[in-house]
Q: 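Questions regarding the structure given below will be posed in turn.
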2 protein chains.
Amino acid sequence: MTEKDKLTEEKIFDSATEIFIEKGFDGARMRDIADHAGINKSLLHYYYRTKERLFNAVFENIADRIFRKLIPVFDKNLSFEEKIRLFYREHIDLLHNNPRLPVFLLNEIYRNPSRVEKLVKDTPIMKIWTVLSEQHSEELERFNVSADSIPQLMVSIASLSLFPFIAKNIITAMFEKEDYDFDSFIEKRKEYAAEFVIRAIKNREQLPEADSKGQIRREKRTAGR
Amino acid sequence: MTEKDKLTEEKIFDSATEIFIEKGFDGARMRDIADHAGINKSLLHYYYRTKERLFNAVFENIADRIFRKLIPVFDKNLSFEEKIRLFYREHIDLLHNNPRLPVFLLNEIYRNPSRVEKLVKDTPIMKIWTVLSEQHSEELERFNVSADSIPQLMVSIASLSLFPFIAKNIITAMFEKEDYDFDSFIEKRKEYAAEFVIRAIKNREQLPEADSKGQIRREKRTAGR
DNA sequence: GTCTATAGAAGGATAGAC
DNA sequence: GTCTATCCTTCTATAGAC
């Protein structure tokens, strides 16, 4: 009984996840979800009462999945630079395995901004920005990253990994003539994005005019593991 | 007569633009568009026959508007660096005046990828990438930007201006405690993004080898769903 | 060209038998 | 728990009067 319940409920949930991601809340049909799960329409209401509630369950699960996985990255005892590299490896890997999540989340939040409040409150990763800037205040200071511009930096970091998935179709269409493969583009991006950010930050050290000897010293690891 | 026709057709078109941007194709209702225009539902079909056709007209107009404005930027006789600065000033200004367009376009393309083909074919700005890399091949070479990585660079450039608008709600919610104002964030971004890109590129001069010392090679497989 | 009225289909949700 | 049958609403689209 309980065993079977769980099966049905899970089938519904998984199918709903699939359909909602594919079509969005407005485009998704309860019929499609039921068909996809191979069950009767009525059961959707039996388990979740309304389309809205079913969607909320799916939405929260997705938001949780996509953010929770990143927490370990920031808990590690690494330098800012190393965290950037690790972040892009993990984040882009995660997105590569779930390439449709960014558009889904961002679009649904955009259409219904009230969803964001719960997200910011309940999702630990949302505090990363403050945590990060506190953990690495010295380093950031050394790079002449003012506290004022930390939000700019954070948004830039997120942009570089999320945007390619959001614009996947356009990117693919635009470069397809030059025998471009999205998968290899994404694989290369892990390192490219990290280098991009690190260079953008580090160069600040030297900007106070032609430190021609400008050898860039890598700061020591703050600690072993 | 013709005068009045144009008025009605325009009112419909403008209202449709408003509603489609706000709700997306699936969420938009013909009734809402008619009400917004202050006219009868039937007139929508009289002028545009179907919801689909009305949407297509709106979509193409928006795509055209958002891209056409950028063409002059790239026609100018400027260095790559100057173009970057000018691009962000113009692009972010454009987006600031139409902050909902990026999500609208990207989401609709995502839900209906066939829309992208016409876009890439008919929209001159889509050729910018090839034009740019040809116009500035010397400069890019001097910066050690390999032809191979030009798509990475192009996507990165676009990310930095588009993403903040796509994630506006999240960004606002995340930083609101630190008395953050989205408008001033965006204004500052014009210069920030330009500097960011220029530094990221220029630094290549000084880092002949892709520097990946001290990187932690740790394979971690993320399971798909 | 513009309106009213309505067709015809599809949507979410519920009642009730099993 | 699961199914069939069906209610009620809403949606796009059209017919036809003016």
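Below, chain A is the first sequence line, B the second, and so on; all start at residue 1. Just so it is clear, the structure is predicted and the values come from calculations on it, not from any experiment.
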Q: Within the modelled atom types, does a donor on one side and an acceptor on the other bring the side chain of S42(A) and the base of dT4(D) under 3.5 Å apart?
A: yes
Q: Tell me if the aromatic rings of Y180(A) and F185(A) count as close, with their centers under 6.0 Å from one another.
A: yes
Q: Which whole-number value in Å describes the distance from N40(A) CG to dC18(C) P?
A: 16 Å
Q: Within the structure, does a side-chain N or O atom of T50(A) lie under 4.0 Å from either OP1 or OP2 of dG12(C)?
A: no
Q: Touch check for A34(A), heavy atoms < 4.0 angstrom, all strands: base, sugar-phosphate only, or nothing?
A: nothing
Q: From CG of L43(B) over to C1' of dA15(D), roughly how many Å is that when rounded to an integer?
A: 15 Å
Q: Between atom CZ in F25(A) and atom C1' in dG12(C), what is the gap in whole Å?
A: 10 Å
Q: Do L106(B) and I170(A) touch side chain to side chain, with heavy atoms closer than 4.5 Å?
A: yes
Q: Run the salt-bridge test on E191(B) and K188(B) with the 4.0 Å N-O cut-off and return the result as yes or no.
A: no
Q: Is there a side-chain polar atom (N or O) of H45(A) under 4.0 Å from OP1 or OP2 of dT14(C)?
A: no
Q: Can you confirm if the aromatic rings of F20(A) and F55(A) lie within a centre distance of less than 6.0 Å?
A: yes
Q: Taking OP1 and OP2 of dA13(D), is either one under 4.0 Å from a side-chain nitrogen or oxygen of Y48(B)?
A: no
Q: Picking from dT2(C), dA13(C), dT6(C), which would you name as closest to the side chain of K41(B)?
A: dT6(C)
Q: Could you label the plane-to-plane angle of the F165(B) and F182(B) rings as parallel, tilted or perpendicular, counting under 30° as parallel and over 60° as perpendicular?
A: perpendicular
Q: I want to confirm an ordering. Mapping K51(A) and G38(B) to their closest nucleotides on DNA chain C, which one lands closer to the 5' end?
A: G38(B)
Q: I39(B) CD1 to dT4(C) P: how many Å, rounded?
A: 11 Å
Q: Rounding to a whole Å, what distance do you find between L44(A):CG and dG11(C):C1'?
A: 13 Å
Q: Taking 4.0 Å as the cut-off, does a side-chain nitrogen or oxygen of R31(B) come that near to OP1 or OP2 on dT12(D)?
A: no
Q: Does Y46(B) put a side-chain nitrogen or oxygen below 4.0 Å from OP1 or OP2 of dA13(D)?
A: no
Q: Whole-Å distance between dT10(D) C1' and D26(B) CG?
A: 15 Å
Q: Are any of R49(B)'s side-chain N or O atoms less than 4.0 Å away from OP1 or OP2 of dT14(D)?
A: yes
Q: Taking CE from M30(A) and C1' from dT14(C), how many angstroms apart are they, rounded to a whole number?
A: 12 Å
Q: In whole angstroms, how far is the C1' atom of dT2(C) from the CD atom of E9(B)?
A: 15 Å
